[in-house]
Amino acid sequence: MPEGHTIHRLALDYGAHFTGRATQVTSPQGKFSDAAELLNGSELTRTEAHGKHLFLGFRDADWIHIHLGLFGKVTFGPAPVPPPTDTVRLRLANDTSYVDLRGPTTCALITDTEKQAIHDRLGPDPLRPPQDTDPGAAYRRISRSRTTIAALLMDQKVIAGVGNVYRAEVLFRHGIDPYRAGKDLTPAEWDAIWTDLVGLMREGVRTNRIDTVRPEHTPEAMGRPPRVDDHGGEVYVYRRANRPCHICGGEIRTADLAARNLFWCPNCQKP
């Protein structure tokens, strides 16, 4: 499932290609046809992301709510627009660009009130403007919980947008045992985690990939081969099970936690 930086990047890309221009809105697959007919020919006025939720605003109060889930894909292309396949749930097109959405968990036309209800159930997002987010709200939930910090970081009601990669990597970067209970995380540790996530995820939006290693631990600095993985990016522990830690040389561990694979270094992240 895409992490929050991907959704924020998509919001920027949709906006760059379609904001302020009359847009052809269609649903070749047919599952969004009624809503597409209502929006067809109108302008995309604004785009927004919160965690893993994407919002495309039309007119004054119409929003397309998109959640990619595990299988959703977005593809941009230039005009001339090719014939769509019957797997395209939503296509936006104008005289210069098109974008196709396939296989999302959610693609629905919603109102301002319905959109606000989605925001209300999500935790703060490190990529939203500072005036629009409250990291203290996340810590208040974390500090009262006996649940592991690794599980809490994946709970979108606690913090929105963090997925399996950022979860594993930020805990490693701060030497925090993923099995530590949330209530045992100090305010200073949480502030450091939040600040780090803001920086890492902003860089992810900029480069459209996840890189988490510090400059002194890049392949060039360490004289090691670059990572070869379809997820891209240089990381410390994610999907590096049974391989040596870049820092201590110990073996990276993996385990199932909250139905996702957890990765960590027992030496660098001691209880």
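The structure displayed is predicted, hence computed values, not measured ones. Side chains are part of it too, since the values below use all heavy atoms of this structure and drop only hydrogens, waters and symmetry mates.
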Open item on the list: Under 3.5 Å, is there a donor on one side chain and an acceptor on the other for Q116 and D112?
Closed with: no
- [ ] State, without any angle test, whether T87 and T85 hold a side-chain donor-acceptor pair at a distance under 3.5 Å.
- [x] yes
Donor-acceptor under 3.5 Å ([X] side chain, [Y] main chain):
X: T133; Y: P124; value: no
X: T47; Y: L56; value: no
X: Q156; Y: V162; value: yes
X: S145; Y: I142; value: no
X: T106; Y: H67; value: no
X: Y236; Y: I247; value: no
X: T23; Y: R21; value: yes

Task: Which atom of G161 lies closest to which atom of M201, heavy atoms considered - done: O-CE, 3.6 Å
Task: Non-hydrogen atoms of R59 and R46 that approach each other most closely - done: O-NH1, 3.0 Å
Run the salt-bridge test on [X] and [Y] with the 4.0 Å N-O cut-off and return the result as yes or no.
X: D132; Y: R128; value: yes
X: E234; Y: R224; value: yes
X: R140; Y: D134; value: yes

Donor-acceptor contacts under 3.5 Å from residues 249-271 side chains, at least two apart:
unit_1, atom_1, unit_2, atom_2, d
T254, OG1, L262, O, 2.9
Q269, OE1, C265, N, 2.9
Q269, NE2, I176, O, 2.9

Open item on the list: Students often mix this up, so state it plainly: with edges at 30° and 60°, are the rings of W63 and F55 parallel, tilted or perpendicular?
Closed with: perpendicular
With side chains defined as the heavy atoms from C-beta onward, is the minimum distance between [X] and [Y] less than 4.5 Å?
X: I66; Y: L90; result: yes
X: L39; Y: I64; result: yes
X: W194; Y: I159; result: yes
X: D196; Y: H174; result: yes
X: L200; Y: R173; result: yes
X: F76; Y: L92; result: no
X: H17; Y: L44; result: no
X: F32; Y: L101; result: no

Open item on the list: Taking side chain to side chain donor-acceptor pair (under 3.5 Å) as the criterion, tell me which of R89, R91, R102 meets it with Q29.
Closed with: R89
TODO: Apply the test side-chain contact (heavy atoms from CB on, under 4.5 Å) to residues K183 and R146: give CA-CA distance (whole Å), side-chain angles for both, the deciding distance (0.1 Å), then the verdict.
DONE: CA-CA 6 Å; K183 67 182 183 61; R146 295 181 179 274; 3.3 Å; yes
Task: Validation row, ring centre Y166 to ring centre Y238 under 6.0 Å - done: no
TODO: Please report the C-alpha distance between E169 and I210 in whole Å, then the side-chain angles of each, then the deciding distance to 0.1 Å, and finally whether the side-chain contact (heavy atoms from CB on, under 4.5 Å) criterion is met.
DONE: CA-CA 10 Å; E169 293 298 302; I210 300 178; 5.6 Å; no
TODO: Walk me through it: do M154 and N164 pass the test side-chain contact (heavy atoms from CB on, under 4.5 Å)?
DONE: CA-CA 7 Å; M154 294 281 282; N164 210 17; 4.2 Å; yes
TODO: Enter the distance from H8:NE2 to D13:CG here, rounded to the nearest 0.5 Å.
DONE: 13.0 Å
Open item on the list: Nearest 0.5 angstrom please: T113 OG1 to K115 NZ, how far?
Closed with: 11.0 Å
- [ ] Show your reasoning for whether side-chain contact (heavy atoms from CB on, under 4.5 Å) applies to R180 and L171.
- [x] CA-CA 11 Å; R180 192 196 300 185; L171 290 176; over 6 Å; no
Task: Residue D34 excluded, over 12 heavy atoms near CG under 6.0 Å - done: no
Open item on the list: Can you confirm whether E114 is buried at CD, in the sense that more than 12 heavy atoms of other residues, nucleotides or ligands lie under 6.0 Å from that atom?
Closed with: yes
